[in-house]
Amino acid sequence: MLRWIAIIALAVGVAGTAAWGYKEHQEKNAILIQAENTYQRAFHELTYNIDLMHDKIGTAIAMNSRERLSPQLAEIWRLTSDSLSNVGQLPLTLLPFNKTEEFLSNIGEFTYRTAIRDLKKDPLSDEELETLENLYSQAGEIKDELRQVQHTAMENNLRWMDVQLALATEDEQADNTIIDGFKTVEKKIEGFSEGNIDSSISGTSSEDHKYENVNGTKINEEKALEYSRNLFNIKQTQDLKITGTGDGADIPLYSIAYNDGNKSAYLDLTQQGGHPITLLVDRPVKEKTISLNEGYKKAKDYIQKHNFENMELLNSSEYGNVGIYTYIYNQDGVRVFADAIEVKVALDNGDILGLTANNYYLNHHKRDIPKPILSSNEARDFVNPNVDIQEEYLAVISNDLGEEVLTYEFLGILGDDTYRIFINAEDGTEEKVEKLNGKEINYAGI
């Protein structure tokens with residue numbers, strides 16, 4: 001009798017385990033399908049937006065009416081913004097794509113600045129028309145390359161999840177049609193950048209950002225691998241892949257990757273000083289055992305260990321048992337939004353899962369911050385009187401023209417929503433208004 005009871009109990013246990021495993025498999029597949037759909041949508045929207053942007057630039061060149069030209073340029077600016085958003089949703093973190101993003105940013109900045117000026121009093125110059133013609137030609141080549149990638153991907157039913165896996169594992173055997181296509185786009189745009197050195201794109205520079213805040217003793221590959229081993233929480237450095245940046249890179253880096261099928265990780269580490277620039281760790285995060293506040297302490301310890309000084313927590317949030325913490329630099333009581341870093345902490349065991357410090361290293365320097373001309377009370381007069389102001393700070397932000405300006409930063413409530421309002425401390429201009437509920441904020445300001 002006991003034997004039959006044991007057999008029945010074992011059968012029930014096996015059936016339960018099988019059902020649980022099947023459910024987990026189904027849930028995992030649903031997540032993968034959702035991610036694949038997101039990547040597919042972003043790519044097709046990117047291709048469409050670049051195509052449309054090319055047509056809009058061509059139309060702007062043909063226009064003679066100044067009244068119609070400004071809205072057309074504003075529409076091109078909107079399309080570049082949408083395209084940058086599409087690029088940001090693709091799994092290209094491990095693929096250098098900065099020249100393409102810079103190209104789109106340059107088009108956006110040129111068209112925006114031109115659109116907001118009075119074209120009747122200050123019409124397009126011959127140099128600016130030549131710039132538009134160059135951008136039209138260049139956008140056409142990029143459009144053709146993306147269309148080719150799109151055609152090949154659809155014809156061969158290629159998946160973006162395979163692209164993400166190939167990038168993370170550096171799998172040379174994987175079908176890299178999409179990767180090769182994007183590398184071709186990046187290579188073409190690199191050539192465009194060289195050809196645009198003398199262009200008249202207003203407010204942009206042919207010079208790349210400089211990493212001025214990277215110092216310390218140069219580290220070798222052995223130290224980089226040991227640092228990564230401890231950070232990734234693995235047993236031996238032999239499981240890691242490491243590559244160094246080639247000549248012409250903005251800054252010499254070690255790129256370290258790891259993948260064991262359950263956890264994948266990637267790290268960019270400066271060769272000078274061993275400073276982490278970007279960290280991505282992807283692993284299943286289990287049930288939460290530490291609070292968001294305890295995770296904040298982990299994040300704080302981590303940035304202090306890496307000599308990020310005078311950093312102030314701006315925002316913290318929790319998503320999928322992961323704590324996300326955004327820090328900005330504080331110089332003599334003034335919050336500097338451009339010098340921002342973001343840290344992600346696993347709330348199951350306190351592991352550091354992510355770091356984004358690129359903006360900090362690109363922007364951080366000692367600033368000559370002027371004294372505000374307006375008093376705090378005078379600046380408050382420029383805020384909507386219906387906003388109930390709760391907090392205020394002095395802050396340096398980048399305005400719509402890309403210029404750093406000193407502002408009063410007011411946090412206030414209107415109805416059920418919280419807003420961050422920036423008022424120029426010199427003339428009272430309402431520089432930016434950001435709704436904090438239900439959206440991500442671009443704290444970097446660049």
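A salt bridge is defined here as a Lys NZ or Arg NE, NH1 or NH2 lying under 4.0 Å from an Asp or Glu carboxylate O, and Lys297 with Glu294 fails to meet this definition. We find that Glu75 and Arg78 are joined by a salt bridge, their nearest charged nitrogen and carboxylate oxygen being less than 4.0 Å apart. With respect to the salt-bridge test (charged N to carboxylate O, under 4.0 angstrom), the residues Lys366 and Asp332 qualify.
Rounded to the nearest 0.5 angstrom, Leu240 CG and Ile234 CD1 are separated by 4.0 Å. In this structure, Asn310 CG and Gln331 CD are separated by 9.0 Å, a value rounded to the nearest 0.5 Å. The distance from atom CD1 of Ile76 to atom CG of Asn49, rounded to the nearest 0.5 Å, is 12.5 Å.
With sequence neighbours excluded, the residues that form a ring-ring contact (aromatic ring centres under 6.0 Å, His included) with Phe422 are Phe337. Partners of His306 by side-chain contact (heavy atoms from CB on, under 4.5 Å), not counting sequence neighbours, listed by chain and number: Tyr227, Pro276, Tyr302, Phe308. Listed by chain and number, the residues in a side-chain contact (heavy atoms from CB on, under 4.5 Å) with Leu84 are Glu101, Leu104, Ser105 (sequence neighbours excluded). The side-chain contact (heavy atoms from CB on, under 4.5 Å) check on Asn424 picks up Val405, Glu426, Asp427, Thr429, Glu431, with sequence neighbours excluded. Among residues two or more places apart in sequence or in another chain, the side-chain contact (heavy atoms from CB on, under 4.5 Å) test is passed with Lys298 by Val345. The ring-ring contact (aromatic ring centres under 6.0 Å, His included) search around Tyr329 returns His364, not counting sequence neighbours.
Side chain to side chain, Asn349 and Asp351 meet the donor-acceptor criterion of an N or O pair below 3.5 Å. Inspection of the Asp388 and Gln390 side chains reveals an N or O donor paired with an N or O acceptor under 3.5 Å. Side-chain contact, Ser376 with Tyr408: no donor N or O sits under 3.5 Å from an acceptor N or O.
In terms of modelled atom types and a separation under 3.5 Å, the side chain of Thr289 and the main chain of Asp348 share a donor-acceptor contact. In this structure, Lys263 contributes its side chain and Phe232 its backbone to a donor-acceptor pair below 3.5 Å. The main-chain N or O of Leu314 is never found under 3.5 Å from a side-chain atom of Thr326 such that the two would form a donor-acceptor pair. Of the possible polar contacts, one joining the Gln72 side chain to the Lys56 backbone as a donor-acceptor pair under 3.5 Å is found. Between the side chain of Lys344 and the backbone N or O of Thr356 there is no donor-acceptor pair closer than 3.5 Å. A donor-acceptor distance shorter than 3.5 angstrom exists from the side chain of Gln271 to the backbone of Leu253, with no hydrogens or angles considered. In this structure, Asn321 contributes its side chain and Lys286 its backbone to a donor-acceptor pair below 3.5 Å. Under a 3.5 Å cut-off, the side chain of Tyr254 and the backbone N or O of Leu267 do not form any donor-acceptor pair.
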Tell me, with the steps shown, if Asp268 and Asn358 meet side chain to side chain contact (heavy atoms under 4.5 Å, CB included).
CA-CA 10 Å; Asp268 277 337; Asn358 194 57; over 6 Å; no

Between Val343 and Ile352, is a side chain to side chain contact (heavy atoms under 4.5 Å, CB included) present by the stated rule, with each step listed?
CA-CA 7 Å; Val343 184; Ile352 303 297; 4.3 Å; yes

Show your reasoning for whether side chain to side chain contact (heavy atoms under 4.5 Å, CB included) applies to Phe110 and Leu73.
CA-CA 9 Å; Phe110 169 68; Leu73 292 173; 5.5 Å; no

Between Ile142 and Glu145, does a side chain to side chain contact (heavy atoms under 4.5 Å, CB included) hold up when you go through it step by step?
CA-CA 5 Å; Ile142 301 309; Glu145 290 293 341; 5.5 Å; no

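Considering only heavy atoms from C-beta on, Thr407 stays 4.5 Å or farther from Ile423 through its side chain. For the pair Tyr419/Val387, no side-chain contact is recorded, criterion being any heavy-atom separation below 4.5 Å from C-beta on. Taking the side chain as every heavy atom from C-beta outward, Thr80 and Met53 approach each other to under 4.5 Å. Residues Val383 and Glu392 fail the side-chain proximity criterion, which asks for heavy atoms closer than 4.5 Å.
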